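For reference, the structure is listed below as C-alpha cells.
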Amino acid sequence: QVQLVESGGGLVQPGGSLRLSCTASGLSLRARAVTWFRQAPGKEREAVSTISRSQGFTFYTDSVKGRFTISGDNGKNTVYLQMNDLKPEETAVYYCATAPRTATWEAYWMDSDRHNYWGQGTQVTVSS
C-alpha cells in the first residue's frame, strides 16, 4: 500500500522559515517525480516545486524562486521543501504528490492529474 505523509507545517511569522517533509512508504521516491502543491482557502491548487532525482532536475514556480528549495534524502525515502522568507499569502495546505518518471517533465509538472499518489496535506500559516 502506497502512503505519503507530510509533516513540518505550522504557524510562522512573515519572513520566517519552515521545512516540510514528505515521507513515502510502498514506493521509492528516488525513482519518481515528487511535487509540492499548495491550496489556500477559496483558491485553486497551485504547483510549487518539483524534483526528479533520477533525471537530475528541480523546478519552481516563479513566486518561490530564490526562497524555496526542494531536496531529497534517499536513505529516508523523503523529499523536503525548505521555505524561507515566507509571506502571509502563502498560507495554505501544502501537499506532496508523486508521479511516474516522465520525459519532458518540465512541460507537465504543474498538472495535478499527472500525479497518482497524494499525501493528506500539512497546514502552513504565515501570520504575525
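Predicted model only: the values in this text are computed from it and were never measured.
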N/O donor-acceptor pair under 3.5 Å between [X] side chain and [Y] backbone:
X      : Y     : value
Thr125 : Thr91 : no
Asn77  : Ala24 : yes
Thr69  : Gln82 : no
Ser54  : Ser52 : no

When you look at Glu90 and Arg67, which way does the salt bridge (charged side-chain N to carboxylate O under 4.0 Å, His left out) test go after all the steps? CA-CA 12 Å; Glu90 294 178 311; Arg67 298 187 297 118; 2.5 Å; yes
For the residue pair Phe57 and Glu106, establish whether any side-chain heavy-atom pair is separated by less than 4.5 Å. no
Please tell me if the side chains of Asn84 and Phe68 come closer than 4.5 Å, counting only heavy atoms from C-beta onward. no
Under 4.0 Å between a side-chain nitrogen and a carboxylate oxygen: does that hold for Glu44 and Arg38? no
Under 6.0 Å between ring centres: does that hold for Trp105 and His115? yes
Between Phe37 and Trp118, is the ring centre distance below 6.0 Å? yes
For the NZ atom on Lys65, are there more than 12 heavy atoms of other groups (residues, nucleotides or ligands in this structure) within a distance under 6.0 Å? yes
If you count heavy atoms of other groups shown closer than 6.0 angstrom to CD of Gln120, is the number above 12? yes
Pairing donors with acceptors under 3.5 angstrom, does anything connect the side chains of Thr78 and Asp73? no
